[in-house]
Number of protein chains: 2
Amino acid sequence: MAMARHKGDHEARRRDVSAAVWRVLASHGFGGLTLRAVATEMGATTGLLTHYFPSKKDLIEHALTLLDEHRMADRPTEFPDGLAGLRAMLLEILPLTEQAVTSNRIWVGSWDAALANPELAAGHAVRYRRSRERIRTQVVAAQQLDELPPSDPDDTATALLSFVLGLIVQTLLDQAAFPAGQQIRLLDQRLAELARTIQ
Amino acid sequence: MAMARHKGDHEARRRDVSAAVWRVLASHGFGGLTLRAVATEMGATTGLLTHYFPSKKDLIEHALTLLDEHRMADRPTEFPDGLAGLRAMLLEILPLTEQAVTSNRIWVGSWDAALANPELAAGHAVRYRRSRERIRTQVVAAQQLDELPPSDPDDTATALLSFVLGLIVQTLLDQAAFPAGQQIRLLDQRLAELARTIQ
DNA sequence: ACATTCGCGTAACAGATGTTTTGTTAATTG
DNA sequence: CAATTAACAAAACATCTGTTACGCGAATGT
C-alpha cells in the first residue's frame, strides 16, 4: 500500500514517535511497552521505529528525555519569591490536569525499572535531589519574607517533596478520591500548617 | 538427577514459591519477574511452579497477598493510643530495616503494574484507603488526649500517609541519602510540627 | 531522464516467555 | 506387595520480543 511520505524533518518525526511512546507508557506502563505496541499506537510498523532509533533503549531514553524537557518547558522557569511561589511550584508537580496525570503516571511507573537498575536509580536520585534543591530555594525565600517561620530548609524541602510525591501516588491509584480541588486543598492546608507552626 | 521429594504439605510449598517470587521482585522488579527466574531462584524448574500455580497471574496474586499478610503479621495489631502510637504505626511503614526496604521496594515496583491494570489498581486503592483509616484512628485518639490540636482527621491522615509514601520513594531511590536515623528524624519533625500547629 | 538516497512496509530471525505435555520417581493407599 | 497418585524434571510448544535484512516507491539531486 502506498503510504503518504512525510518529507518533514527528521527530528519532528522522532518527536511523533516519542509521543506514541508516552501514550503507550501512560496506558500500559513499562511492562507493556513493546515496539509493536508503539508502532500500532501511531499506525505504523516496527520498521519505522528502527529507522529513527537503532534500539529500544535509545527509543525509551529519547522519549523520557523529551518528557523531562517537555515538563520543564511547560512550567515557569521562575516562580515569584515567597510562599505563593512555593505553592505554584508544588502545584505544577501534582496531577491536576489530564496532561499532568499522564506524565506523573509515567514517572511513577519508571520507579520499578529504576529500582532494578542502579544506573536508572542514580538518574532519579539526581532528579529528586534537584527538586528538593529548587523547593529549598523557595522555602528560604519565604522565610526571609517572614511568610514561613525559620526551620532547616533542607528538611522542610524534603518533607514537602515527600508530601507531594505521596499525594501523587495516592491520587493516581484512586483518582476518584482525589480530584484536583481535593489535592489543592490538601496542599494549601499543608502550607498553612507550615506557616502557622510555632518555632 | 534424583531430587529429594518434599512430602511437606502443599501450602508450605506455595509459601516457599512465594518467597522466591519476593526475592526476584526485590532484586529485578516486576519487569524481571519470569517463571524461569523464580524457578532458578529456588533451584527448581518451571514444572514445579505450574504444579502449584496454574498461571503466572495466580502466582503473583498469591505472592502479593501473602506479602501483605506477612507485613501485617510482623507489625503489632494494636498500637498504644495517642501520638506515640501514631509514631510507632508510621515507623512500621518506613524502610528502616533491610526487611522493610525489600518489602517496600516490591510495593513501589507494583505501582507500575497496578496503574496499567484497573483490577490491581482497585486493590491498591482499597489498601491505601485502609491505611488512611488506621492512621485516622490514631490521629483522633491523639487529639482526644490533647496531644494534637483539632483538625479534620481525614485530611491529616491523608497528609501523613502522603508524607510517608513520598519519603519511602525518595529513600529507596537514594538510600545513602536517607539512612534510618534520617527518616526517623524527619518523621519526628513532621509529627512535632503537627503537634505545635496553632489551630 | 537517470541515479541515488530516503522513508518505511514486509518479513525473517533468534531468543525469551508462559503454558502444556510427557515421563520418572517416590510416597501413599488398598 | 501391587496400584495409584503426588511431586517434580525435561522438553516441546506457540507466542511474543527486539533486531536485522530486504525491497520498493517516492523524493531529490545531477
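Atoms considered below: every heavy atom in the structure, side chains included; atoms not considered: hydrogens, waters and symmetry mates. Numbers restart at 1 for each chain; the letters A, B, ... are given by sequence-line order, proteins then strands.
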- request: Nearest whole angstrom, please: distance from the P of dA16(C) to the NE2 of H28(B).
  value: 14 Å
- request: State, without any angle test, whether R185(A) and Q189(A) hold a side-chain donor-acceptor pair at a distance under 3.5 Å.
  value: yes
- request: Indicate whether the side chain of D58(A) and that of S55(A) have a donor and an acceptor atom separated by less than 3.5 Å.
  value: yes
statement: note: D58(B), atom CG; dT19(C), atom C1'; distance rounded to Å ~ 12 Å
- request: Return yes when atom NE2 of H62(A) has more than 12 non-hydrogen atoms of other residues, nucleotides or ligands closer than 6.0 Å, and no otherwise.
  value: yes
- prompt: So which one's nearest nucleotide on DNA chain C is more toward 5', G47(A) or T50(B)?
  reply: G47(A)
field: Atom-pair distance (CG on L48(B); P on dC8(D)), nearest Å
entry: 5 Å
task: Specify the residue among P54(A) and G32(A) whose closest nucleotide of DNA chain D lies further upstream toward the 5′ end.
output: G32(A)
Flag, side chain of W111(A) to backbone of G109(B), donor-acceptor distance under 3.5 Å: no
- line: In whole angstroms, the gap separating C1' of dA27(D) from CG of D9(A) amounts to 16 Å
- request: Could you tell me the separation between the NZ atom of K56(B) and the P atom of dG18(C), rounded to a whole number of Å?
  value: 4 Å
query: Can you tell me how far P of dT17(D) sits from CZ of F30(A), to the nearest Å?
result: 16 Å
Sugar-phosphate only, base, or nothing, as touched by L33(B) at under 4.0 Å among non-hydrogen atoms: sugar-phosphate
message: For a quick check, tell me whether the side chain of R13(A) and the base of dG7(C) share a donor-acceptor pair closer than 3.5 Å.
response: no
message: Given dC8(C), dG18(C), dT20(C), identify the nucleotide with an atom nearest to the side chain of H51(A).
response: dC8(C)
- request: Would you mind classifying the nucleic acid contact of S55(B) as base, sugar-phosphate or nothing, using non-hydrogen atoms under 4.0 angstrom?
  value: sugar-phosphate
query: How many Å lie between CG on D16(B) and C1' on dA7(D), as a whole number?
result: 14 Å
message: What is the separation between atom CG on L49(A) and atom C1' on dT20(D), rounded to the nearest whole Å?
response: 14 Å
query: Under the salt bridge (charged side-chain N to carboxylate O under 4.0 Å, His left out) test, which residues partner E11(B), sequence neighbours left out?
result: R14(B)
query: If you look at every strand shown and take non-hydrogen atoms under 4.0 Å, does T34(A) touch a base, only sugar-phosphate, or nothing?
result: sugar-phosphate
- prompt: dT19(C), dT19(D), dA9(D): which one has an atom nearest the side-chain heavy atoms of T46(A)?
  reply: dT19(D)
query: If you check the R36(B) side chain, which of dT20(D), dG18(C), dA7(D) turns out closest?
result: dG18(C)
- request: Answer yes or no: does a side-chain N or O of Y52(A) lie under 4.0 Å from OP1 or OP2 of dC8(C)?
  value: yes
